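Both counts, for ligands and for their atoms, begin at 1 and track the order of listing. These numbers were taken from a predicted model, which means no experiment stands behind them. Count residues from 1 along the sequence. All values below come from the heavy atoms of this structure, side chains included, with hydrogens, waters and symmetry mates left out.
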Amino acid sequence: MSNSQIKNGILEGGSGKQGTQQERFEKVRTLVRPDSSQACVELASEVAALIRERQAESKNVVLGLATGSTPVPFYRELIRLHKEEGLTFSNVITFNLDEYYGLTRDHPESYFRFMHDQLFDYVDIPAEQIHIPDGTVAMEDVYDSCLEYERKIEAAGGLDLQILGIGRTGHIGFNEPGSAADSVTRMITLDRVTRQDAAADFLGVANVPRSAITMGVGTILKARRIVLMAWGSNKSEIVREAVEGEMTDRVSASFLQSHQNAVFLVDKAASSHLTRFRFPWLVGPVDWSADMMSRAVVWLSNKMGKPILKLVDEDYNEAGAGELLASTSEVAYQVNIDAFNRVQHTISGWPGGKPGADDTNRPERSTPHPKRVLVLSPEPADVFIGMGGTLDRLKEQGHDVTLVFQTSGNLRVGDAAALNFARVVLEMGEENKGEGWSVQREYAESIINALREKGEFGSDPELVRRLKGMILRGETRDAGSDCRLDADEIRFLDLPFYEKGRYRRFQPANEDRAGIAEILEEIRPDIIFATGDAGDPSSNQSICFQLFAEAFGSESAGPWRKNCNVWLYRGRDQAYEAHEIEMAVPMSPDQLGQKVGAIRKFMSTDDDDVSSPARNQEIASKYNDLGLAEYEAIEAFRKWSC
Ligand code: GLP
């Protein structure tokens with residue numbers, strides 16, 4: 001790429017990093033942008049420059065494309081450039097990375113369909129220039145068809161630029177752990193984690209195909225340039241492994257370290273586990289604020305396997321944190337006590353503030369009491385997974401709690417639950433042969449027919465989605481009552497973007513913003529609990545958080561907002577690390593048991609997060625290792641400011 005416009009950009013070339021000490025641990029160039037849209041606008045403009053440059057030379061550009069949520073904002077920006085700035089794709093040839101095996105092109109989750117829905121249908125790329133592995137070839141023809149795919153890439157002149165996402169197993173394309181560096185296009189068995197991650201898209205893990213056809217790691221590495229994108233906290237650990245870890249076939253993205261021209265393009269949340277952000281004192285001088293100090297001490301305590309108060313000067317020096325002591329001219333003893341107290345003060349059994357108490361060292365204020373508490377949950381299970389114990393405490397401590405479910409979550413309800421319900425209604429009709437029952441029977445029959453007609457993979461018609469929503473509402477009320485909430489304290493917003501969409505394809509609109517703004521104004525809360533701030537931006541959780549943040553930050557929000565604290569919890573997203581926690585609400589074994597009970601109420605979905613109680617126990621044991629009291633479990637929160 002000789003284009004002068006893309007110098008100093010994402011595609012600038014060379015394996016070189018920016019040369020700062022901060023990047024010492026990073027084995028591949030890694031660019032961090034505040035959010036995915038900024039990153040994608042930048043990348044799309046560079047790709048557009050490349051397309052135009054090649055057009056001027058009457059040459060083609062060969063792009064390797066990826067699916068998944070990650071590249072969606074990049075495709076949206078390309079579409080915008082086409083529509084508003086006249087970018088043409090007439091000289092673009094594309095090769096997609098992969099396709100599920102066994103899905104026909106018109107299946108809603110086929111990558112063929114995905115690419116057309118997200119990009120190809122909206123730009124002027126000629127159909128014959130689009131290549132996507134064929135998931136429908138007969139088993140005995142798979143080998144040849146994969147070989148043919150490789151040949152076509154070569155015949156087109158090789159990939160100029162390969163776009164990648166990354167799966168939680170570290171895969172690129174569908175190159176699951178074990179894929180060799182020189183692997184080529186082939187059939188592969190999908191990992192359990194990968195299938196689990198695709199479960200929501202396929203409306204249940206059982207529907208996710210077991211195998212796929214994917215370009216190999218070797219095919220990808222042959223591209224002249226590679227950009228791997230990753231957004232959201234759930235990608236932070238795998239990004240760190242791929243960027244800083246050993247090159248290994250356990251994490252196929254780590255092979256990008258060997259490429260001359262590969263770059264990781266990540267948002268803040270996905271970069272948070274990189275050493276330069278997580279342990280900045282290891283990579284260069286830092287500003288030793290009280291917060292930074294306590295982070296470093298928590299890290300040191302973990303590293304030395306000693307409680308904070310037992311750390312001595314030598315431990316600091318040995319671990320390369322001597323600078324901390326030097327910077328404060330304190331001895332370890334004093335630094336330890338300061339850090340210990342900071343962590344200690346995060347612990348509070350009074351998440352809504354303790355009435356009459358001195359607030360100096362408490363996470364939440366004592367007044368007013370009771371407080372108007374608004375708890376936002378993107379989908380029904382999120383709140384119980386993230387803060388079921390805290391919810392119970394807030395109620396127990398007399399607060400005026402309103403639990404608001406932003407979306408119905410009905411896409412997570414399995415067909416079996418809807419069918420079961422319809423059959424019960426039919427049977428009731430049989431038993432009560434009176435007149436009124438004919439309407440119910442008709443309803444039940446139309447549900448059964450609709451389920452039969454759509455088959456295993458089809459989309460639910462509205463009637464079925466509404467029924468699934470009702471089933472989930474019942475389970476939600478049940479779970480709520482485990483946390484002391486009455487039915488009238490639970491509200492369901494059923495935001496329209498969710499009702500109209502499916503996972504990864506949600507398009508929030510003004511009516512959704514208005515829905516959240518209305519509930520905020522109605523409740524005028526003193527405290528809000530919310531989640532989704534660091535999630536994958538296309539996830540339901542993240543969209544719900546953005547909608548809330550916009551409504552909360554809007555000029556038209558009432559004066560109540562100035563006195564309202566917002567606490568963030570983590571539900572399905574990566575749990576907080578000890579140093580990130582600003583309020584730690586301890587739970588007794590009984591409370592933990594109660595929380596497990598609430599999560600189990602979601603019988604109609606197959607996604608209830610059974611590992612969440614274990615995560616709460618893990619936080620408690622981390623606190624215990626630091627030398628703090630030994631609790632059974634802890635739910636963790638951070639304060640948010642808009
Ligand atoms: C699938 C795709 C990958 C993609 C990954 C991550 O496994 N085959 O190409 O990178 O999902 O998906 P997402 O971007 O939705 O997180």
Side-chain angles (χ1 to χ4, degrees), residues 36-37 39-40 43 63-76 94-103 107 109-115 117-119 132-133 135 159 162-177 179 183 185-202 205 208-217 219-220 223 226-239 242 251-256 262 264-267 269-270 502-506 534-543 572-574:
S36 60
S37 34
C40 286
L43 178 63
L63 299 181
L65 298 181
T67 51
S69 320
T70 307
V72 168
F74 168 63
Y75 296 150
R76 285 202 186 130
T94 66
F95 286 88
N96 261 83
L97 282 167
D98 45 12
E99 178 60 284
Y100 288 109
Y101 186 66
L103 296 197
H107 185 289
E109 291 307 324
S110 80
Y111 285 166
F112 182 92
R113 174 87 181 267
F114 181 95
M115 286 308 300
D117 287 355
Q118 299 294 342
L119 178 66
I132 301 175
L159 300 165
Q162 176 65 56
I163 300 292
L164 296 173
I166 182 169
R168 272 202 303 144
T169 60
H171 68 220
I172 47 180
F174 268 133
N175 289 285
E176 297 288 24
S179 299
S183 50
T185 304
R186 68 205 188 286
M187 186 172 224
I188 190 143
T189 302
L190 298 179
D191 194 274
R192 192 182 51 81
V193 178
T194 303
R195 294 185 69 235
Q196 196 61 48
D197 283 350
D201 310 336
F202 281 87
V205 73
V208 182
R210 293 187 179 274
S211 49
I213 294 179
T214 182
M215 275 187 200
V217 178
T219 325
I220 294 168
I226 303 176
V227 178
L228 184 149
M229 299 187 270
W231 327 126
S233 65
N234 280 349
K235 297 283 170 75
S236 57
E237 188 43 39
I238 198 68
V239 164
V251 178
S252 64
S254 69
F255 287 123
L256 265 51
F264 276 59
L265 179 61
V266 301
D267 68 358
R502 53 187 293 150
Y503 287 101
R504 297 179 204 245
R505 300 181 201 191
F506 296 126
D536 161 3
S538 72
S539 66
N540 186 22
Q541 284 66 26
S542 178
I543 293 172
R572 295 167 206 267
D573 294 325
Q574 174 104 14

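- A heavy-atom separation below 4.0 Å is found between K235 and ligand 1.
- The protein heavy-atom contact nearest to atom 3 (C) of ligand 1 is G173 O, 3.5 Å.
- Screening L256, I226, L97 for a side-chain contact (heavy atoms from CB on, under 4.5 Å) with I172, the sole residue that qualifies is L256.
- When F114, W231, Y503, Y111 are ranked by how near their heavy atoms come to atom 2 (C) of ligand 1, first place goes to Y111.
- At least one side-chain heavy atom of W231 sits under 4.5 Å from a side-chain heavy atom of P73.
- One option in E176, R195, M215, H171 has a heavy atom closer to atom 11 (O) of ligand 1 than any other, and that option is H171.
- A donor and an acceptor atom, one from each side chain of S538 and R504, are nowhere located under 3.5 Å apart.
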- prompt: Could you go step by step and tell me if V227 and Q162 meet the side-chain contact (heavy atoms from CB on, under 4.5 Å) rule?
  reply: CA-CA 6 Å; V227 178; Q162 176 65 56; over 6 Å; no
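- For ligand 1, the atoms sitting less than 4.0 Å from at least one non-hydrogen atom of T70 are 13 (P), 14 (O), 16 (O), numbered in the order shown with element in parentheses.
- In this structure, a donor-acceptor pair under 3.5 Å is absent between the side chains of R113 and T67.
- Heavy-atom proximity to G165, at under 4.0 Å, picks out these atoms of ligand 1: 10 (O).
- Closest to atom 4 (C) of ligand 1 among all protein heavy atoms lies T67 O, 4.0 Å.
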field: From CA spacing to verdict: salt bridge (charged side-chain N to carboxylate O under 4.0 Å, His left out), D201, R502
entry: CA-CA 7 Å; D201 310 336; R502 53 187 293 150; over 6 Å; no
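- Defined by atom type and a distance below 3.5 Å, a donor-acceptor pair is missing between the side-chain atoms of R572 and N540.
- Only side-chain heavy atoms of D98 come within less than 4.0 Å of ligand 1; its backbone N, CA, C and O stay farther off.
- By the 4.5 Å heavy-atom criterion applied to side chains, P209 and F202 are counted as neighbours.
- Protein heavy atom at the shortest distance from atom 6 (C) of ligand 1 is I166 O, 3.6 Å.
- Residue A66 does not touch ligand 1, judged by heavy-atom distances below 4.0 Å.
- For atom 15 (O) of ligand 1, the nearest protein heavy atom (residue, atom name, distance) is R504 NH1, 2.2 Å.
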